[in-house]
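Have a look at the structure below, then the notes.
Along the sequence shown, residues are numbered consecutively beginning with 1. Computed from heavy atoms alone, side chains included, the values below leave out hydrogens, waters and symmetry copies.
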Amino acid sequence: MSHTPATPSRACVFDSLLADSTNRRSLRADKYVMGTTPQGSTVRAMPHTELSPELLDHMQRIKAKAIEYGLDFFEVVFEVLPFEVMNQIASYGGFPTRYPHWRWGMEYDKLSKRDAYGLGRIYEMVINNDPCYAYLQESNNVTDQKLVMAHVYGHADFFKNNYWFSKTNRKMMDEMANHATRVRRHIERHGQDEVERFIDAALMIENLIDPHSVYKAQARRHKASDRRGLREADDERDGAASPGNQDKFVAKDYMDPFINPREVLERQRKVDAAKIKADKDRFPLEPARDVLLFLLSNAPLTEWQQDILAIVRDEAYYYAPQAMTKVMNEGWATYWHSKLMTRHFLEAKEIIHYADQHSGVVYMAPGGFNPYKIGIELFKDIERRWDMGQHGPRWEDIGDLGVKESFDDKSMKGREKIFEVRKIYNDVSFIDEFLTEEFVERHKMYQHKRDPQTGEIKIASRDYNRVKQTLLHFLTNAGQPFIYVVDANYMNRGELVLAHKFTGVEVEIARVNEVMQSLRMMWGRPVHLMMHLSEDNCMLSLETIGGKLKKERISQETPSPAHLL
C-alpha cells in the first residue's frame, strides 16, 4: 500500500520500497533528505560503497536483460549502504545534501524508532536524476538485492520515458546541493530562527502549485505561434485591420453603412472600453492556481525570502510527477521485477523467499488501495487484452459473452501497447481509460465500510462506475483541493482572496489555520479563503498574524472578488 504523505511542514514524502512486517504493507520512496541528526550533530558524508563482486555480476546481468526487453534508462549508480547511513539518507528524502531544517532530524528519529521496534525497514531508494542513483540496504540478502535492482531498472526506465517526468530537472542531485548552500548563506546572514520560521511557512503551502503549468506553457507557445501565423496570413490576404475597426465586418464601400452601422460600432467600442477598464482594475487578470509563483511575483518579500520560496517551489515541481504517476510508476517497476526475477534470475532455493517478499509488495486488503497491486495488474491486463485483440469496436460489438471472453485474434500487440501507455499516461488517464468493469470484478475492487455494530469490514458497493469515480477522485490533484488566487486587491484594500474550487474534495480544516497564517505572513495584508464546507459556501478571514480565523457564510451581500470559480 502506498504511504500517505505527511503534512508538508512535518515530514518529507517517501517513495522507496519498504516492507512492513506487521501488516504486510509495502511502500516506496523516491524522496528523502539530509541535514543534522536529531541531536543536532552534523551528518557525516555518505561513504562511497560499491557493489560486491557477486552483486556487480547480478547487476550487469539484470541490466543486460532489461535492455534486451526494451527498457531504456539513464545510467544507474548503485550504492550499498549500512543501516545507519540508509536512515540518514532516507530522512533527507534521498539526496545526500539538503538545506538545514528540523524536519529532517524528526524524520530520522521516526525511521530509527520504526526499525528498532521491528515495524519495517527500507529496501531501496531510487532518485529521478541523470544518472539515476539507487541505494541498497547492506543487510538485505542476495535475493532481495536482485529483486530491488530489477525494480530500480523499471523505475529508471519510467523516469526517463514517461512524458510527465520530461520537464523535471535531471540534475537534481546538484540542484539540491545548491539549494542547501543558498539556505546556509541566508542563515549566516539573517539567523537560524528567522530563516527556519520562513521555511516552515513556505513548506506549509508547498502544495499550492499548478503541476500542469509546465506542460500548458509549451501548449500556449504553440497556440500563440499558430495564432500569429493565422494573423499574418489574414493580413497578407486582406490587409492589416485599421486601429479601432477590429469589430467591423469586411464589406464593399457602398454596403459598409448597412453591414457596419455607425451606432452599432460605437456601442461595441464602449463595451470594449469598459471591459479594458475592468481588466485593468482586476488583479490577477485570471484565477492563478500557482499560488507560490503569484507570491514570488507580487508579495512584499525580501530577496532572501524570495530565494527560499523559489527553492521550495522548485522542489515541489520536481516531486509533482511522482504524485501524478504513483500507480503507473510502481506498477511498471513491479511488473518488470516480477518478469525479470521469475523468468531469469531466481534460483530454486530463492523461490519461497522471493514469493514471500513479492506477495508483501502486492498485497491489498479489502477496501484498501495498493498502487503496486493495481499498477501491475492493470499493465498485465492491458498486455493480455492487446495480445488477444480484446479492445476496440470489433471486440466491444460482440454480443455473446462466451465468445467475447474467449476472443483471440493472435495480434500479440500487448508488449508494444504497455510501452506506449508507460510513455504518455498519468494515473488519472491510466485508470480512466484502462480500468474496466471486468477488471474490477476479477480483482474484487469493491467499496467497503466498517459495520458499526460488529466492527467487521463489509462490501458497501459493487457498482463499477462508483468504484472508478472514487479512484479518480482520490487520484486527481493527489486528492488535494484546488486552490486559486482570485483577487489580490479585494475591496481595493490590497487584501488577498483565495478560492476553493470544489470538485468533491473539501479543504482540510485542521490545516487551514496554519496555511492562512503562512499566507498572511508572506502577503503582509489580510487574507481570505472562499471555500465549500459541509455543503455550504463560506469565507474564512485572517486579519493579523497570529490572530484567530473569522468565518462567515457567503451571501449576496458578501463583496465579490475579481473572479468567481
Side-chain angles (χ1 to χ4, degrees), residues 1-2 69-70 154 158 161-164 324-336 338-339 342-343 358-359 362-449 457-476 479 503-504:
M1 306 245 330
S2 71
Y69 270 109
F158 196 89
N161 296 285
N162 181 262
Y163 173 75
W164 301 94
M324 297 166 69
T325 60
K326 179 72 174 177
V327 175
M328 289 186 65
N329 197 351
E330 298 301 352
W332 186 252
T334 307
Y335 172 92
W336 285 108
S338 175
K339 186 172 291 292
T342 56
R343 295 196 178 186
H358 179 74
S359 64
V362 298
Y363 171 73
M364 185 168 71
F369 179 79
N370 184 345
Y372 298 80
K373 173 67 173 179
I374 295 174
I376 185 177
E377 295 297 345
L378 269 177
F379 274 117
K380 287 164 67 176
D381 189 59
I382 294 167
E383 185 176 33
R384 178 191 64 80
R385 289 170 57 202
W386 263 257
D387 276 345
M388 302 174 69
Q390 293 188 3
H391 61 92
R394 178 187 174 191
W395 179 72
E396 291 170 0
D397 290 341
I398 297 175
D400 189 295
L401 185 60
V403 174
K404 194 172 186 179
E405 288 181 349
S406 61
F407 181 85
D408 187 358
D409 65 359
K410 311 292 184 183
S411 53
M412 301 304 292
K413 298 287 187 181
R415 184 67 54 76
E416 178 184 339
K417 182 62 179 180
I418 62 173
F419 272 91
E420 175 193 310
V421 170
R422 173 268 271 149
K423 184 175 183 178
I424 61 178
Y425 286 78
N426 62 25
D427 283 351
V428 172
S429 54
F430 183 60
I431 295 293
D432 189 38
E433 183 158 348
F434 299 111
L435 186 76
T436 63
E437 190 168 358
E438 295 78 15
F439 184 91
V440 170
E441 287 293 331
R442 189 183 314 126
H443 295 281
K444 296 181 172 56
M445 291 176 58
Y446 309 133
Q447 286 190 325
H448 294 72
K449 68 177 181 181
I457 296 177
K458 296 184 177 181
I459 295 175
S461 174
R462 299 174 187 265
D463 183 69
Y464 159 68
N465 289 318
R466 183 174 169 182
V467 169
K468 183 175 181 178
Q469 290 306 313
T470 300
L471 269 177
L472 292 174
H473 176 80
F474 174 74
L475 294 170
T476 301
T503 57

Exercise. Is His443 reaching over with its side chain to a backbone N or O of Glu441, donor-acceptor style, under 3.5 angstrom?
Worked result: no
Problem set entry | Side-chain touch Leu475/Lys326, heavy atoms, less than 4.5 angstrom | no
Exercise. Any side-chain heavy atom of Thr470 sitting closer than 4.5 Å to one from Gln447?
Worked result: yes
Seminar exercise, completed: When rounded to the nearest 0.5 Å, the distance separating CE of Met388 from OG of Ser406 is 7.5 Å
Exercise. When the ring centroid of Tyr69 is compared with that of Trp336, is the distance short of 6.0 Å?
Worked result: yes
Problem set entry | Inter-residue atom distance Lys449.NZ - Ile459.CD1, 0.5 Å rounding | 12.0 Å
For this session: Output, in order, the C-alpha distance, side-chain angles, deciding distance and verdict of side-chain contact (heavy atoms from CB on, under 4.5 Å) for Trp386 and His391.
Result: CA-CA 7 Å; Trp386 263 257; His391 61 92; 3.3 Å; yes
Exercise. Could you go step by step and tell me if Leu471 and Met445 meet the side-chain contact (heavy atoms from CB on, under 4.5 Å) rule?
Worked result: CA-CA 10 Å; Leu471 269 177; Met445 291 176 58; 3.6 Å; yes
Exercise. Would you say Ser338's side chain and Thr334's backbone share a donor-acceptor pair under 3.5 angstrom?
Worked result: no
For this session: Check for a donor-acceptor pair, side chain of Thr325 on one end and backbone N or O of Met328 on the other, with a separation under 3.5 Å.
Result: no
For this session: Would you mind listing every salt bridge (Lys or Arg N to Asp or Glu O under 4.0 Å) that reaches into residues 458-473, with sequence neighbours excluded?
Result: Asp432-Lys468, Asp451-Lys458
For this session: Evaluate the criterion side-chain contact (heavy atoms from CB on, under 4.5 Å) for residue pair Leu378 and Ile431; output intermediate values, then yes/no.
Result: CA-CA 9 Å; Leu378 269 177; Ile431 295 293; 3.6 Å; yes
For this session: Go through the structure and list residues passing side-chain contact (heavy atoms from CB on, under 4.5 Å) with Lys423, not counting sequence neighbours.
Result: none
For this session: Without swapping roles, check the side chain of Asn162 against the backbone of Arg422 for a donor-acceptor pair under 3.5 Å.
Result: yes
Exercise. Going by the salt bridge (Lys or Arg N to Asp or Glu O under 4.0 Å) test, which pairs reach into residues 381-391, not counting sequence neighbours?
Worked result: Asp381-Arg384, Asp381-Arg442, Glu383-Arg415
Exercise. Would a line drawn from the ring center of Phe434 to the ring center of Phe379 be shorter than 6.0 Å?
Worked result: no
Exercise. Would one find more than 12 heavy atoms of other residues, nucleotides or ligands at under 6.0 Å from atom NZ of Lys339?
Worked result: yes
For this session: Write down the atom of Phe439, the atom of Ile374, and the distance for their closest heavy-atom approach.
Result: CZ-O, 4.4 Å
Problem set entry | His448 to Pro366 - nearest heavy-atom pair and separation | NE2-CB, 3.7 Å
Exercise. Is a donor on one side and an acceptor on the other found under 3.5 Å between the side chain of Gln390 and the backbone of Glu405?
Worked result: yes
For this session: Applying salt bridge (charged side-chain N to carboxylate O under 4.0 Å, His left out), name anything that partners Lys404, two or more places apart in sequence or on another chain.
Result: none
For this session: Applying side-chain contact (heavy atoms from CB on, under 4.5 Å), name anything that partners Arg394, two or more places apart in sequence or on another chain.
Result: Phe407, Asp409
Problem set entry | Distance-minimising heavy-atom pair for Ser411 and Gly389 | OG-N, 3.6 Å
Problem set entry | Residues that Lys380 engages under side-chain contact (heavy atoms from CB on, under 4.5 Å), provided they are two or more places apart | Tyr335, Ile376, Glu377
Exercise. Under 3.5 Å, side chain of Thr476 to main-chain N/O of Val428, donor-acceptor pair present?
Worked result: no
For this session: On the 0 to 90° scale, with breaks at 30° and 60°, tag the Trp332-Phe419 ring pair as parallel, tilted or perpendicular.
Result: perpendicular
Exercise. Is there a side-chain contact between Ile382 and Phe430, using heavy atoms and a 4.5 Å cut-off?
Worked result: yes
